[in-house]
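Have a look at the structure below before the remarks.
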Protein chains: 2
Amino acid sequence: MRRPEDRPAALANRRGDAGAEGQDLPEDGGSEESHGLEDEVDASTPESRRLHALLIEFSRYRSLKNPLAGICEDLQLTPTQMHALSWLGNDGPVQVGVLAQRVGITRKTITGVVDRLESMGLVERTRDVEDRRAVVVRLTQPGSNVFARIDRGLDASLRRVLDLMGPEDRDAVFGILERMLARLTAEAEAADDDSQAG
Amino acid sequence: MRRPEDRPAALANRRGDAGAEGQDLPEDGGSEESHGLEDEVDASTPESRRLHALLIEFSRYRSLKNPLAGICEDLQLTPTQMHALSWLGNDGPVQVGVLAQRVGITRKTITGVVDRLESMGLVERTRDVEDRRAVVVRLTQPGSNVFARIDRGLDASLRRVLDLMGPEDRDAVFGILERMLARLTAEAEAADDDSQAG
DNA sequence: TATTGTTATACTCTATAACTATA
DNA sequence: TATAGTTATAGAGTATAACAATA
């Protein structure tokens, strides 16, 4: 294992959870190992195929994804920029590297993204007082305003989805999502304990 | 209102048609009108906020989206290229412009994407015999093989999601998705009738 | 005249490699 | 020596504008 810091780093910030994040960003090498694609190639199940088919049908409806694209256009931002602003809005100031992990791009890439957001006046950089190698990014006031618009736009998209469900289905969905999240959290904690203990 | 067709268009198409599609792409102008963001800005509901919060929690778990990125890396393809190959595999040969709509990019952009896929030998272009202005793209045999790998990779991702649910929740989800799809289809047909009748 | 696709241009995203500063 | 971030370079994605061929 080449990057002993990534697991702790991802865990250290924000809230305790988010355990298994980021260690698979193609940061420094490590792209030769297979991702296990071959192993599970034939493990398709009737249910996965059914879900797959359903999702393909959904994706034919542009009206469902347009709202997001509409926000981009309205605000004259790229998807990556919106993504970065969203995380800054949700998590508050973070180190540049952490933001990169959240958005799912490398640290080299995030530099340019933050550069442009900074030149638009939406974010600002400051040195981390505790670790002077690190740079902390945060939303400016204009950035916060833009974040609020993004957030409202996302909310509007979600309402579109919820409107496709009856009240009972909506309740059911919340229950299901919460149980899934609980399982994910449990998995992450188990993996965490595992890596600490063994 | 510069684009009288955008509302119906977004709903009207989908599937065999391809004729009515894509008018909502920012193809020829029309980026000044608001996307209705302002109108629904304050319409946030407790449920949409709850869903929003849940989805943010989910998105903190990189392990859920990684499989997709892993496929990209394994196959040395960009997300857009994978997206295009997916649609070609699912829908068969289509006009270049239709593919652009499926992927969600403009016709100017799809040209370069198809160029690169063609130079990789994954797709081929032929003139449309019925409309000689148009160009039809289709998967080559190597392209079909790559599509099969993409498809299996996606299936693996879906299995990961399904594994987070108990059997009952899984059944419930299928029912909910099918009802949502039915409602979407009904909306689309209603809008279609509407645009034809009045 | 309108539509399909391409070309030319410019900017953003993205990764890799090399570098600086700090730990 | 390792880590955080930037710079330089190169390739891909993306939109806009101008253009060609066809309808």
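In the text below, chain A, chain B and the rest are named by the order of the sequence lines, each starting its count at 1. In this text, all values refer to a predicted model and were calculated from it rather than measured experimentally.
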Practice task
May I have the distance from L77(B) (atom CG) to dG11(D) (atom P), rounded to whole angstrom?
Solution key: 18 Å
Exercise for the section: Indicate yes or no for a side-chain donor-acceptor contact from S48(B) to the backbone of D155(A) under 3.5 Å, with no hydrogens or angles considered. Expected result: no
Exercise for the section: Answer yes or no: does a side-chain N or O of Q95(A) lie under 4.0 Å from OP1 or OP2 of dT3(D)? Expected result: no
Exercise for the section: Identify, with sequence neighbours excluded, every residue that meets side chain to side chain donor-acceptor pair (under 3.5 Å) alongside R170(A). Expected result: E47(B)
Handout entry: T80(B) side-chain N/O to dA12(D) phosphate OP1/OP2 under 4.0 Å
Key = no
Practice task
Kindly write out the residues that satisfy side-chain contact (heavy atoms from CB on, under 4.5 Å) with T80(B), not counting sequence neighbours, or none if the list is empty.
Solution key: T78(B), V103(B), I105(B), V113(B)
Handout entry: Length of the CD-P vector between Q101(B) and dT3(C), whole Å
Key = 13 Å
Problem - Any residue meeting side-chain contact (heavy atoms from CB on, under 4.5 Å) with Q141(B), in chain and number order, not counting sequence neighbours - result: S144(B), N145(B)
Handout entry: Length of the CE-P vector between M82(B) and dA12(D), whole Å
Key = 17 Å
Completion exercise
note: Q76(B), atom CD; dA12(D), atom P; distance rounded to Å ~ 11 Å
Problem - With sequence neighbours excluded, residues passing side chain to side chain donor-acceptor pair (under 3.5 Å) with D131(A) - result: R133(A)
Exercise for the section: Report the distance from atom CG of L99(B) to atom P of dT14(D), rounded to the nearest whole Å. Expected result: 12 Å
Problem - Separation of atom CD1 in I105(A) from atom P in dA12(D), rounded to whole Å - result: 19 Å
Exercise for the section: Quick one: list whatever passes side chain to side chain donor-acceptor pair (under 3.5 Å) with R125(A), sequence neighbours left out. Expected result: D115(A), E118(A)
Handout entry: Check: R107(A) side chain, G97(A) main-chain N or O, donor-acceptor pair, under 3.5 Å
Key = no
Problem - Listed partners of E168(B) passing side-chain contact (heavy atoms from CB on, under 4.5 Å), at least two apart - result: none
Handout entry: Set of side chain to side chain donor-acceptor pair (under 3.5 Å) partners for D128(B), sequence neighbours left out
Key = Q95(B)
Exercise for the section: Kindly write out the residues that satisfy side-chain contact (heavy atoms from CB on, under 4.5 Å) with D169(B), not counting sequence neighbours, or none if the list is empty. Expected result: I176(A), R179(A), M165(B)
Problem - Residue-level proximity of residues 109-121 of chain A to DNA chain D when a heavy atom falls under 4.0 Å - result: T111(A)
Exercise for the section: Look at the side-chain N and O atoms of T106(A) and state whether any lies under 4.0 Å from the OP1 or OP2 oxygen of dT14(C). Expected result: no
Problem - 5'-most by nearest nucleotide on DNA chain C - T78(A) or R133(A) - result: T78(A)
Problem - Nucleic acid contacts - residues 122-132 of chain A versus DNA chain C, non-hydrogen atoms under 4.0 Å - result: D131(A), R132(A)
Problem - With D151(B) via salt bridge (Lys or Arg N to Asp or Glu O under 4.0 Å) - residues at least two apart - result: none
Handout entry: Whole angstrom value for the distance that separates P of dG13(D) from CD of Q81(A)
Key = 18 Å
Between protein and nucleic acid, restricted to nucleotides 17-19 of chain C and to nitrogen or oxygen atoms under 3.5 Å apart, what atom pairs and distances do you find?
none

